[in-house]
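Step one of this worksheet: look at the structure below.
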Amino acid sequence: MCGIVGILGRGPVAGSIIEALKRLEYRGYDSAGIATLENGHLARRRAAGKLKTLEACLAAEPLSGASGIGHTRWATHGRPTESNAHPHANGKVAIVHNGIIENFRELREELRGKGHKFESDTDSEVVAHLFADAMEGGLSPVDAVAASLPRLKGAFALAVLFEGEDDLLIGARDGAPLVVGFGNGERAGEVYLGSDALALAPFTDEFAYLEDGDFVILSRHGVEFRDTHNQRVERHHMRSPVSALLVDKGNYRHFMAKEIHEQPEVVARTLAHYLDMSAGTVALPFALPADAAQLPRLTIAACGTAYIAGLVARYWFERFARLPVDIEVASEFRYREPPMERGGLTLFISQSGETADTLACLRYAKAHDQKILSVVNVPTSTMARESDIAALTLAGPEIGVASTKAFTCQLALLACLALAFGRARGVIDAAQEAKYVAELMAVPGLMAEAMKREPRIEALARDLARARDVLYLGRGTSYPLALEGALKLKEISYIHAEGYAAGELKHGPIALVDNDLPVIILAPHDNVFDKTLSNMQEVAARGGRLILITDASVPGDFSGEVEAITMPKMAPNFSAIVYAVPVQMIAYHTAIFMGKDADQPRNLAKSVTVE
Ligand code: F6R
């Protein structure tokens with residue numbers, strides 16, 4: 001995704017901003033820009049292409065301000081042109097933004113109605129105008145930001161500079177990372193903002209991370225954090241040498257927690273790579289196999305969590321593309337030696353791209369004249385190299401052994417693929433595609449919102465930590481997610497857990513239900529919600545302990561006791577991506593209450609290169 005930097009310095013900051021942007025270039029690289037305050041006035045330099053183009057631009061027309069912000073862009077809304085490059089500015093405010101502002105169209109219309117003029121096709125520009133509008137209404141810069149942030153829907157990190165305010169920089173985060181750096185030694189008094197600490201490492205080793213919903217007011221004389229209710233809060237200061245930053249946990253205790261929280265950002269990044277968000281279409285960076293329209297079926301093979309991603313995707317390929325799907329765990333597939341029709345398409349899903357069983361299936365399929373499409377996270381992996389098409393999930397390195405962000409990125413990419421096949425096969429039309437793309441674009445923001453349920457989930461996990469067994473139930477795409485919930489809990493807390501299709505309950509597992517068995521029900525408000533509710537009644541009638549994860553309200557006549565995790569309201573098609581968040585958090589917090597090492601569970605390895 002994009003990278004952002006802000007500096008309040010003691011001398012000209014343009015050079016330092018470029019230095020920090022270079023360290024962020026891995027996040028996005030189609031255009032870049034910088035704004036500084038020149039004698040109190042906002043001045044910008046922006047350029048399409050790599051950072052060196054911006055550097056050339058600055059060499060020709062230098063900026064000398066001591067306060068500035070910078071950005072490297074990975075286009076989501078609008079082509080990578082100079083006018084779409086950040087910072088976006090309007091004479092009062094300049095902003096750099098990472099993420100997606102979902103409700104930008106409504107806000108832009110409202111602001112146009114008040115006379116604001118827009119220069120770009122981006123979602124981000126609306127933020128600069130929103131802040132400026134609040135200031136025109138008489139608010140101070142800080143109050144304008146505080147009043148406007150609650151109006152932004154989506155996942156974002158922001159850095160904001162104000163005309164005439166040489167000693168003020170504001171940062172905000174909701175679903176995308178942002179860290180404050182504190183200058184020390186020769187740089188004492190300087191303060192910094194960055195998308196990650198590594199970007200700020202040349203200037204300082206002292207950091208404090210914003211939490212979701214926070215904004216931060218920086219001045220050379222001090223830094224003030226405010227929470228989502230605009231209340232002053234303290235955020236933990238830490239010292240991290242550069243070497244530690246290379247594999248940095250940020251302000252999280254475990255990589256798993258960090259990777260759970262990174263999901264709104266990396267899912268947005270993955271979606272941005274496979275969608276044209278402005279056009280509302282899927283835009284794959286590769287051609288589908290020529291016979292996509294005629295394909296009789298799709299075969300999927302994978303292991304563990306990646307296999308579960310395939311199970312979810314089966315619903316999508318069948319629903320959106322009417323494409324029959326055969327799916328199997330790779331370790332069974334390879335020895336079953338299934339007959340394969342010549343010229344068929346086989347899809348492999350793997351975070352590492354090195355899993356021995358999946359790789360063996362890939363080679364078997366290749367030997368049987370299949371086209372190979374792989375969804376992998378490691379671009380240099382064997383599977384990526386040996387596939388006809390390697391579709392990359394842009395989750396970044398996943399360090400925690402239990403897969404979290406790779407899973408949701410796999411889902412995001414598989415959803416894009418299912419829609420692309422749907423269009424190629426004439427099953428969905430352009431209007432349906434646009435509707436589903438809009439639903440997908442809402443996912444990162446919904447995930448960021450779902451993260452806010454963490455305190456509630458932590459409280460529930462305290463009780464779950466005493467359970468001997470846990471049952472997960474779901475229907476539709478929530479059924480594979482129930483399997484994933486059980487797998488996550490087993491692998492990091494060692495509590496025995498099972499996932500079942502809710503309708504299967506009465507065919508056996510209901511015998512397990514007693515007062516001691518927690519039953520976690522994944523029930524987005526979809527077409528089978530009422531049926532899931534009936535299954536809940538069956539559990540309640542037998543004294544089972546119900547934990548319901550839903551965006552629907554439980555009917556008043558429900559007879560049992562239910563502990564609910566209330567999810568943000570959403571169209572149900574892609575709920576599996578959003579509901580993965582509480583499922584992962586339940587496993588994580590339960591394991592932590594039990595004193596387990598969530599990052600390195602016993603007996604497990606990150607990449608399983610043996611059978
Ligand atoms: C579970 C988990 C494993 C992996 C599986 C496949 O949290 O991480 O089940 O999903 O070992 O690994 P990859 O995706 O690397 O092929």
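Start at 1 and go down the list; that is how both ligands and their atoms are numbered.
- Contacts between V401 and ligand 1, counted as non-hydrogen atom pairs separated by less than 4.0 Å, involve the backbone only.
- Aromatic ring centres of F320 and F574 lie closer together than 6.0 Å.
- Ligand-side atoms of ligand 1 in range of E491: 1 (C), 7 (O), range being under 4.0 angstrom from any heavy atom.
- In this structure, D291 contributes its side chain and Q294 its backbone to no donor-acceptor pair below 3.5 Å.
- For atom 6 (C) of ligand 1, the nearest non-hydrogen atom from the set A302, C303, G304 belongs to C303.
- Between F317 and F421, a ring centre-to-centre spacing shorter than 6.0 Å is recorded.
- Residue-ligand proximity, S352 to ligand 1, at heavy-atom distances under 4.0 Å covers atoms 13 (P), 15 (O), 16 (O).
- Where the criterion is an N or O separation shorter than 3.5 Å, residue side chain and backbone included, T355 meets it with respect to ligand 1.
- In this structure, the side chain of K490 engages the main chain of A497 through a donor-acceptor pair within 3.5 Å.
- Atoms of ligand 1 lying under 4.0 Å from any heavy atom of K488, numbered from 1 in the order shown and given with element: 1 (C), 7 (O).
- With ligand atoms numbered from 1 in the order given, ligand 1 contributes 10 (O), 14 (O) to contacts under 4.0 Å with heavy atoms of A306.
- For an aromatic pair to be called close, the ring centres must be under 6.0 Å apart, and Y472 with Y500 fails this.
- Counting only heavy atoms from C-beta outward, the side chains of V375 and L414 approach each other to under 4.5 Å.
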